[in-house]
> 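Below you will find the structure I want to go over with you.
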Amino acid sequence: MTLLDKDIKDLKVLISEEEIQKQLPQLAKNIEKAFNTNEEIYVICVLKGSIMFCVDLVKHFKNPIQMEFIRISSYGHETKSTNNLQAIDLTLPNLNNKNVLIVEDIIDTGLTARFLTDLFRIKHHPKKLIFASLLNKKCARQIDIEPDFHCFEIDDKFVVGYGLDYKGYYRNLPYIGYFPI
Ligand code: 5GP
């Protein structure tokens, strides 16, 4: 029985586990440098897609870290952004005057990034807000927004793995892959 219309045997590796892991120590260093403080950093993991990236990234921070989790959905079960953002859980502590790092899996149209950065600026008044994304699908952008930091720029393909899913599957892969059309 096939559970999915996309089979793992057709999946091609786009970014290997080694390539991903190699980027993380320097990324953490660059982010801490940008905060320029010894104070704690509130790391906001945007579920579900950024779970792997966030968990691996925080291991490299030297500053004290608080981890928070919010949940947003934008793709549903499609491979194209629906432009239909669903905020599922935005429960957070008081972040007023705190150093806040939003950790995303991928910036595609930019809608989620815009929604989140506006929300944090307007509602939480952080001392400094930094937005980091593992992947940047620049060519798919509909909103004029760029992450402060990203690890890899990719073409306009639908990717899975390392937290990113197709119909809820493939998040557990340690690499980023895609299904050739
Ligand atoms: P945006 O709001 O920038 O269009 O989309 C951001 C969200 O869409 C990401 O956090 C991610 O959940 C989802 N997304 C965008 N591109 C992809 C992709 O190539 N693969 C997967 N699995 N999700 C994606």
Side-chain angles (χ1 to χ4, degrees), residues 3-17 19-20 23-24 27 31 43-58 67-92 100-123 129-181:
L3 284 172
L4 287 169
D5 49 308
K6 295 190 189 296
D7 197 313
I8 194 155
K9 74 172 170 21
D10 299 322
L11 193 64
K12 299 266 177 272
V13 177
L14 184 67
I15 307 167
S16 71
E17 181 177 6
E19 284 175 277
I20 296 169
Q23 293 289 319
L24 303 184
L27 176 64
I31 290 171
V43 178
I44 315 295
C45 175
V46 185
L47 295 173
K48 298 175 185 174
S50 71
I51 181 75
M52 303 283 190
F53 173 45
C54 191
V55 163
D56 283 346
L57 181 66
V58 290
M67 288 183 80
E68 297 294 335
F69 300 85
I70 58 173
R71 195 165 157 207
I72 305 266
S73 176
S74 66
Y75 257 52
H77 279 166
E78 305 307 318
T79 58
K80 277 279 160 212
S81 195
T82 54
N83 289 2
N84 188 9
L85 265 186
Q86 227 188 323
I88 297 168
D89 184 4
L90 297 175
T91 314
L92 286 166
V100 175
L101 172 68
I102 301 175
V103 178
E104 253 289 40
D105 49 1
I106 184 166
I107 303 200
D108 182 15
T109 61
L111 282 165
T112 310
R114 166 65 74 228
F115 169 77
L116 288 174
T117 47
D118 284 355
L119 175 85
F120 275 77
R121 290 222 168 82
I122 292 162
K123 189 166 172 218
L129 181 66
I130 292 182
F131 193 101
S133 180
L134 176 70
L135 305 175
N136 189 359
K137 217 190 267 183
K138 210 170 179 166
C139 48
R141 203 71 94 251
Q142 290 173 19
I143 306 259
D144 183 20
I145 189 164
E146 283 302 319
D148 299 300
F149 295 95
H150 70 267
C151 288
F152 305 97
E153 189 167 325
I154 64 165
D155 295 340
D156 194 6
K157 16 170 98 74
F158 184 78
V159 292
V160 296
Y162 200 60
L164 289 147
D165 75 310
Y166 175 62
K167 297 188 176 177
Y169 293 91
Y170 305 118
R171 292 191 197 277
N172 57 314
L173 300 175
Y175 57 87
I176 305 282
Y178 69 101
F179 294 97
I181 304 162

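Residues: numbered from 1 along the sequence shown. The figures that follow rest on heavy atoms only: side chains count, while hydrogens, waters and symmetry mates do not. Start at 1 and go down the list; that is how both ligands and their atoms are numbered.
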> So that I can tick it off, tell me whether Glu153 and Lys137 are bridged by a salt bridge, with the cut-off set at under 4.0 angstrom between side-chain N and carboxylate O.
no

> Examine Tyr170 together with Phe179 and report whether their ring centres are nearer than 6.0 Å.
yes

> Could you check whether the rings of Phe158 and Tyr166 sit parallel, tilted or perpendicular, using 30° and 60° as the cut-offs?
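Taking Tyr166 first and then Phe158, their aromatic rings stand perpendicular (interplane angle over 60°).
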
> Can you tell me if Lys138 has over 12 outside heavy atoms packed within less than 6.0 Å of its NZ?
no

> Give a yes/no on ligand 1: does Val160 have at least one heavy atom closer than 4.0 angstrom to it?
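Val160: no contact with ligand 1 (<4.0 Å).
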
> Could you work out, for atom 1 (P) of ligand 1, the closest of Thr109, Leu14, Asp105 by heavy-atom distance?
Thr109

> Can you sort out which atoms of ligand 1 are near Leu111, meaning under 4.0 Å from one of its heavy atoms?
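Numbered from 1, ligand 1 contributes 2 (O), 3 (O).
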
> Answer yes or no: is there an ion pair linking Lys167 with Asp5, defined by an N-O contact shorter than 4.0 Å?
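Salt bridge: yes.
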
> Could you check whether any heavy atom of Lys157 sits closer than 4.0 Å to an atom of ligand 1, since that is the contact criterion I want to use?
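Flag set, Lys157 near ligand 1.
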
> Looking only at side chains, do Asn172 and Tyr162 share a donor and an acceptor under 3.5 Å apart?
no

> Before signing off on this row, confirm whether Phe158 and ligand 1 have an N or O atom pair separated by under 3.5 Å.
no

> Which atom names give the shortest non-hydrogen contact between Phe131 and Asp148, and what distance separates them?
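That closest heavy-atom pairing would be N-OD2, 2.7 Å.
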
> Please determine if Asp108 has a nitrogen or oxygen closer than 3.5 Å to a nitrogen or oxygen of ligand 1.
yes

> From the options Asp156, Ile143, Ile106, Leu135, select the one whose nearest heavy atom is closest to atom 11 (C) of ligand 1.
Ile106

> Find all atoms of ligand 1 within a distance of less than 4.0 Å from any non-hydrogen atom belonging to Thr112, and give their numbers and elements.
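Once the distances to Thr112 are compared, the set is 1 (P), 2 (O), 5 (O), 6 (C).
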
> Using a 4.0 Å cut-off to any heavy atom of Glu104, which atoms of ligand 1 qualify?
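Matching atoms, with element in brackets: 10 (O).
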
> Is there a donor-acceptor pair under 3.5 Å between the side chain of Arg114 and the backbone N or O of Asp118?
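No, the answer is negative, given that no donor and acceptor are paired below the 3.5 Å cut-off.
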
> Report yes if Gly110 has an N/O atom closer than 3.5 Å to an N/O atom of ligand 1; otherwise report no.
yes

> Which of the numbered atoms in ligand 1 are under 4.0 angstrom from any heavy atom belonging to Lys137?
16 (N), 17 (C), 18 (C), 19 (O)

